[in-house]
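Data first, discussion second: the structure below is written as structure tokens.
When reading the values below, keep in mind they use all heavy atoms of this one structure, side chains included, and skip hydrogens, waters and symmetry mates.
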Amino acid sequence: MIRATGITKSFDNLQILKGIDLEVNAGEIVAIVGPSGAGKTTLLQIIGTLDSPDSGKVEIDGVEPFRLKEKEMAAFRNRHIGFVFQFHQLLPEFTAIENVMIPTLINGEKFDVARRKADELLDFLGLADRLEHKPSELSGGEKQRVAVARALINRPSVILADEPSGSLDSQNKEELHTLFFDLRNKLGQTFVIVTHDEGLAKKSDRIVRMKDGVII
């Protein structure tokens with residue numbers, strides 16, 4: 001489902017990725033672990049088309065997104081890739097349901113349909129009573145669940161998560177980790193997760209360990 005081949009990336013004279021090969025199957029939860037500076041986030045950003053490799057190839061569902069024109073690649077990203085970040089990245093001026101609706105509205109969905117989909121997702125994630133709350137009115141765990149709903153709204157091929165539980169307390173961290181596996185079991189969702197949390201990594205289907213820009 002995802003195939004990255006020979007991925008290299010440098011910033012100035014510093015080579016961050018040194019020829020990465022990685023495959024992820026549909027419905028798989030893969031944890032990418034390693035020390036800071038190993039290149040984990042850079043690899044995740046390239047898989048997510050947020051950054052481009054210096055060399056190598058990325059395929060998602062048989063499509064090579066870096067061969068697409070800029071607008072086509074942005075549309076592909078919106079439809080096929082969901083993102084969950086450590087600090088939620090919710091828009092503070094919008095309510096929970098409005099934040100979740102944004103990707104599907106960008107995708108051209110009608111407002112009423114987008115709202116119904118967002119409502120159903122937030123209900124599924126246990127946030128039915130928080131739809132009209134803004135991020136400042138939500139707990140850390142609730143914000144991250146809204147971010148997960150936003151990532152899911154277009155039913156993407158893969159969700160890429162960068163330290164998704166890094167800002168959460170122990171209880172919310174465990175709840176978020178359980179949620180990922182529930183989503184995989186119920187929806188067949190694929191996850192690639194960059195994490196320093198060994199507990200989450202050990203629960204995943206596969207651990208990919210990186211050091212100094214290579215998979216070890």
| task | Go through the steps for L127 and E142 under the test side-chain contact (heavy atoms from CB on, under 4.5 Å), then give the verdict. | result | CA-CA 8 Å; L127 293 170; E142 288 170 339; 3.8 Å; yes

Quiz item: Any link between I153 and L138 through a network of hydrophobic side chains (Ile, Leu, Val, Met, Phe, Trp, Tyr) touching at under 4.5 Å?
Solution: yes

Taken to the nearest 0.5 Å, the spacing of Q144 CD from L90 CG works out to 8.0 Å

Any side-chain heavy-atom pair of R115 and I97 under 4.5 Å: yes

Heavy-atom nearest pair, A114 first then L105, reads CB-CD2, 3.7 Å

Original post:
Do V58 and M73 sit in the same hydrophobic cluster, where Ile, Leu, Val, Met, Phe, Trp and Tyr count as joined when their side-chain heavy atoms come under 4.5 Å apart?
Top reply: yes

Fill in: Trace of the side-chain contact (heavy atoms from CB on, under 4.5 Å) decision for K186 with F124
CA-CA 11 Å; K186 294 176 182 177; F124 176 72; 3.9 Å; yes

* Should F85 and V192 be counted in the same cluster of Ile, Leu, Val, Met, Phe, Trp and Tyr side chains packed under 4.5 Å apart? -> yes

Check: When you look at CD of E132, are more than 12 heavy atoms from neighbouring residues, nucleotides or ligands closer to it than 6.0 Å?
Finding: yes

Within one Ile-Leu-Val-Met-Phe-Trp-Tyr cluster: V148 and F191, side-chain cutoff 4.5 Å: yes

Rounded to the nearest 0.5 Å, the CG atom of L152 sits from the CG atom of L183 at a distance of 5.5 Å

Smallest heavy-atom separation, I207 atom then A201 atom, equals CG1-O, 3.3 Å

**Message:** Using the rule given for side-chain contact (heavy atoms from CB on, under 4.5 Å), can you reason through H177 versus D197, listing the C-alpha separation, both sets of side-chain angles and the distance that settles it, and then say yes or no?
**Reply:** CA-CA 10 Å; H177 296 173; D197 191 302; 3.6 Å; yes

Per-pair distances, 0.1 Å, donor-acceptor, side chain in residues 22-44, under 3.5 Å, sequence neighbours excluded:
residue, atom, partner, partner atom, Å
E23, OE2, R3, NE, 3.3
E28, OE1, N25, N, 2.9
E28, OE1, R206, NH2, 3.1
E28, OE2, R206, NE, 3.0
E28, OE2, R206, NH2, 3.3
K40, NZ, G34, O, 3.0
K40, NZ, P35, O, 3.1
T41, OG1, D162, OD1, 3.3
T41, OG1, D162, OD2, 3.2

Q: Is it possible for you to say whether V194 and L50 belong to one hydrophobic cluster, with membership spreading through side-chain heavy-atom contacts below 4.5 Å?
A: yes

Between the CD atom in E198 and the NE2 atom in H196, the distance rounded to the nearest 0.5 Å is 9.5 Å

Review point. Any donor and acceptor pair, going by atom type alone, linking the side chain of D51 with main-chain N or O of Q45 inside 3.5 Å?
Key: no

Find out whether H80 and V63 are in side-chain contact, i.e. whether some heavy atom of one side chain is under 4.5 Å from a heavy atom of the other. no

Closest non-hydrogen contact found for P135 with P92 is CD-O, 3.7 Å

Would you say the side chain of L176 lies within less than 4.5 Å of the side chain of P164, judging by non-hydrogen atoms? yes

- Does the side chain of R77 come within less than 4.5 Å of P65's, by heavy atoms? no

inquiry  = Looking at R67, I want to see if its CZ is surrounded by more than 12 non-hydrogen atoms of other residues, nucleotides or ligands under 6.0 Å.
reply    = no

Flag the pair K203 and E174 as a salt bridge only when some basic side-chain nitrogen lies within less than 4.0 angstrom of an acidic carboxylate oxygen. yes

Rounding to 0.5 Å, atoms CD1 (I60) and CZ (R79) come to a distance of 12.0 Å

task = Answer yes or no: is there a side-chain heavy-atom contact under 4.5 Å between M1 and D61?
result = yes

When rounded to the nearest 0.5 Å, the distance separating CD1 of I20 from NZ of K9 is 14.0 Å

Tell me if a side-chain donor or acceptor on N99 pairs with a main-chain N or O of F94 at a distance below 3.5 Å. yes

When you measure from the side chain of N107 to the backbone N and O of P103, does any donor-acceptor pair fall under 3.5 Å?
no

For F66 and T49, the nearest pair of non-hydrogen atoms, with its separation, is CZ-CA, 3.8 Å

Problem set entry | Validation row: N172, E175 side chains within 4.5 angstrom (heavy atoms) | yes

Would the distance check show the side chain of N154 and the main-chain N or O of P156 forming a donor-acceptor pair, the cut-off being under 3.5 Å?
no

By salt bridge (charged side-chain N to carboxylate O under 4.0 Å, His left out), E163 pairs with (sequence neighbours left out) none

Heavy-atom distance under 4.5 Å between the side chains of L17 and I46, does that happen here?
yes

Interatomic distance, CG@L187 vs CZ@R155, rounded to 0.5 Å, equals 5.0 Å

Note: I81 and L160 closest approach over all heavy atoms is CG2-CD1, 3.8 Å

Sidechain-backbone polar pair: K117 side chain, M101 backbone, donor-acceptor under 3.5 Å:
no

Note to self: Would you say that R150 contacts I102 through its side chain, given a criterion of any heavy-atom pair below 4.5 Å between the two side chains?
What the structure shows: no

Heavy-atom closest pair (M210 atom, I215 atom, distance to 0.1 Å) is CG-CG1, 4.0 Å

